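We name chains A, B, ... by the order of the sequence lines, and we start the count at 1 in each one. Only a predicted model underlies this, so the values are computations on that prediction, with no experimental measurement involved. Scope of the values below: all heavy atoms of this structure, side chains included, with no hydrogens, waters or symmetry mates.
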Amino acid sequence: MSTQPPFQSPVGTHDVYGPEAALWEGLIAHFAQAAYRYGFSMVHTPIFEDVGVFNRGIGEHSDVAKKEMYVFEDRGGRVYALRPEGTASIVRAFVEHQPTTPFKAWYVTPAFRYERPQAGRYRQHHQVGVEVLGTDDPAVDVEVISLAWRFYQSLGLTNIRLLINSMGHDACRSVFVGALRDVLSEHKDSLCEEHQKTFSDNPLRVLDCKKDACIAVTDAGPTLPDFLCDDCRGHFAKVTSGLESIGIAYTLTPRLVRGFDYYTRTTFEFVADALGSAQNAIGGGGRYDKLAEQLGGAPTSGIGFGSGIERLLLARRAEGVDAPLINRVPDIFVVDTTGDDVATPLVDHLRSAGYATLRAFDGRSMKSQMKVADRSGARVALLIGPQEQAAGEITLRDLRSGDFEQAQRRVASNDIVAALQELLGK
RNA sequence: GUGGGUGUAGCUCAGCUGGUUAGAGCGCCAGGUUGUGGUCCUGGAGGCCGCGGGUUCGAAACCCGUCACUCACCCCA
């Protein structure tokens, strides 16, 4: 760009077009297919909500709520926030409408977080995800995790690890948090600079800290699994054995607490080692058995996960997977040099017959139109010039035939669909 | 929020320690004796060198500011 245009996409946002957009389309189609197989229905909720929906859900002490939310006031004085993640809105909708359970929703949505962009991290990124409300059966945990896992497989990803942990429910977790807080308080001066100030607000965050100082303290401190009550321990055991029964490998990760406060019991994260960087988490989720209550509903168990579209595609690239995710190659390209625009009714007819059909515009030369036809990737070209027009015929040329000279023949206009069916097999 | 790097045609980039009509490859358009694509050849369009100011006889090149992009820290998708 020699000079910056007057308007550019906002900092940390991107336009998606061209081949990249085809990957998005394919990725979403694969996710929709997986969701369908598991019995999920698509749900649409607003991309902005009362700021309380997110504050109560993800926790006021989380980084996201503290400094990353896009909060704004509308003309009526209501305070809203652009959604920073997908779960809270779905649960709010569930509480509001009280649908029959289990409520199984899948979605694709932008998510907004105000932070400095870098590789794999944007102010607007996009997620696909699912949520299940109304049951705490560990078999559902297994289903949600396996849906993610099979989805990643369908994208061609192979170098993915599943990290999993249980954070327990209210009672056993609070005992753990208390024990953790005691230890942190005791070794307060050994913590990293930031957590010396904040450890008391949310001790669990310290488990996530990557500073050696904090790691040294928490390594010697209590670990979550030791504090699980019998119920939570049993629940988690069923989740892991369920995963084993369907051949999904996992890594027990006692430190895994994730960024949102609403998680209870099962939490998990998928990392793509090919990404190598700090931004190697391609998806994550967990159970949130208290969230519906926190948003004003009846106590209702829930679990879900979200996965970042941009990062999934980065991971695919990093693994060297370059197969297209969806076929968007046209069947037919119509070349019309009659000057009478016979192409318009012809392409309409072909499209109605079910063929993906392109054409050229602006009355360009045959050579020029053939170039465009070739680049479009179309399987066949239909040529109509004055000769064909006069004879009531169409020249059908197989653009993907190895033999340049023998690849074409004349067909009566009325027989064109039959000829195409024979050649294309559809 | 903090720090580093970069900003020259649609894309990827050259432009030596400042010297005066700014280049290449790819892409795009048009031709190669007039109805045809992949290769090849020829020609063409397209850049106030991110923006503003300064130093200088002279700046795309040096200095300052500003905007943007990018990478890293924090944290996450």
Side-chain angles (χ1 to χ4, degrees), chain A residues 1-14 18 58 62-68 83-87 108-129 148 192-195 198 205 208-211 214 256-260 269-272 275 277-285 305-315 333 335-339 360 362 364-389 395-405 407-408 410:
Chain A
M1 194 78 58
S2 62
T3 180
Q4 287 173 25
F7 300 108
Q8 295 176 254
S9 71
V11 172
T13 70
H14 295 278
I58 66 184
S62 68
D63 277 12
V64 169
K66 268 194 304 191
K67 54 184 190 186
E68 295 179 3
R83 78 158 47 119
E85 56 95 40
T87 299
V108 48
T109 179
F112 305 86
R113 294 180 200 171
Y114 190 91
E115 48 191 347
R116 287 285 288 272
Q118 65 179 275
R121 208 180 66 188
Y122 314 103
R123 287 187 176 176
Q124 177 177 342
H125 75 280
H126 300 77
Q127 295 188 15
V128 292
C192 77
E193 205 174 322
E194 186 193 339
H195 286 123
T198 62
R205 295 276 80 230
D208 222 17
C209 185
K210 285 167 190 140
K211 294 261 168 37
C214 285
L256 182 71
V257 293
R258 302 196 39 79
F260 304 137
E269 188 167 298
F270 296 96
V271 295
L275 287 177
S277 68
Q279 283 77 246
N280 65 351
I282 57 169
F305 88 93
S307 214
I309 292 178
E310 288 88 347
R311 285 199 190 166
L312 286 168
L313 294 176
L314 284 173
F333 195 101
V335 172
D336 173 9
T337 59
T338 62
D362 302 321
R364 300 214 263 172
S365 69
M366 174 165 284
K367 177 183 177 122
S368 169
Q369 291 191 47
M370 282 301 293
K371 270 190 182 172
V372 180
D374 183 50
R375 274 184 310 226
S376 78
R379 173 74 197 284
V380 305
L382 297 184
L383 316 188
I384 308 165
Q387 291 174 27
E388 286 86 347
Q389 188 177 27
T395 293
L396 188 162
R397 182 174 178 86
D398 183 349
L399 293 173
R400 305 302 149 206
S401 161
D403 189 332
F404 235 60
E405 302 306 317
Q408 69 182 46
R410 291 275 201 103

So does A:Asp336 pair up with A:Arg364, basic N to acidic O under 4.0 Å?
-> no
Less than 3.5 Å between a donor and an acceptor, one on the side chain of A:Gln124 and one on the base of B:rA77, is that the case here?
-> no
Give one of base, sugar-phosphate or nothing for A:Phe260, where a contact means two heavy atoms less than 4.0 Å apart.
-> sugar-phosphate
Classify the side chain of A:Arg400 and the base of B:rG38 as holding, or not holding, a donor-acceptor pair under 3.5 Å.
-> no
Choosing from B:rC75, B:rU2, B:rC69, which nucleotide comes nearest the side chain of A:Val11?
-> B:rC69
Choose from B:rA72, B:rC29, B:rA77 the nucleotide whose nearest atom is closest to any side-chain atom of A:Arg375.
-> B:rC29
Compare all side-chain heavy atoms of A:Val108 with those of A:Gln127 and state whether any distance is below 4.5 angstrom.
-> no
Determine whether any donor atom in the side chain of A:Gln369 lies under 3.5 Å from an acceptor atom in the base of B:rU36, or the reverse, and answer yes or no.
-> no
Just compare B:rA77, B:rG37, B:rC29 and give me whichever is closest to any side-chain atom of A:Arg364.
-> B:rC29
Determine which nucleotide pairs with B:rG65, using a 3.5 Å limit on both distances of a Watson-Crick or G-U wobble pair.
-> B:rC51
Taking the side chain of A:Lys371 as its heavy atoms from C-beta onward, which of B:rC73, B:rG37, B:rA77 lies nearest to it?
-> B:rG37
Compare the minimum distances between each of B:rA77, B:rA68, B:rA72 and the side chain of A:His125, then state the nucleotide with the smallest one.
-> B:rA77
Look at all strands and tell whether A:Arg397 reaches a base, only sugar-phosphate, or nothing, counting heavy atoms closer than 4.0 Å.
-> base
Looking for any heavy atom pair under 4.0 Å, which part of the strands does A:Ala281 touch: base, sugar-phosphate only, or nothing?
-> sugar-phosphate
Does A:Glu68 get its side chain close enough to the base of B:rC75, under 3.5 Å, for a donor-acceptor pair?
-> no
Is there side-chain contact between A:Val380 and A:Arg397, with at least one heavy-atom pair below 4.5 Å?
-> no
Among the nucleotides B:rC75, B:rU36, B:rA77, which one has an atom lying closest to any side-chain atom of A:Arg311?
-> B:rA77
Side-chain contact check for A:Leu383: nearest option of B:rC29, B:rU36, B:rG38 is B:rU36
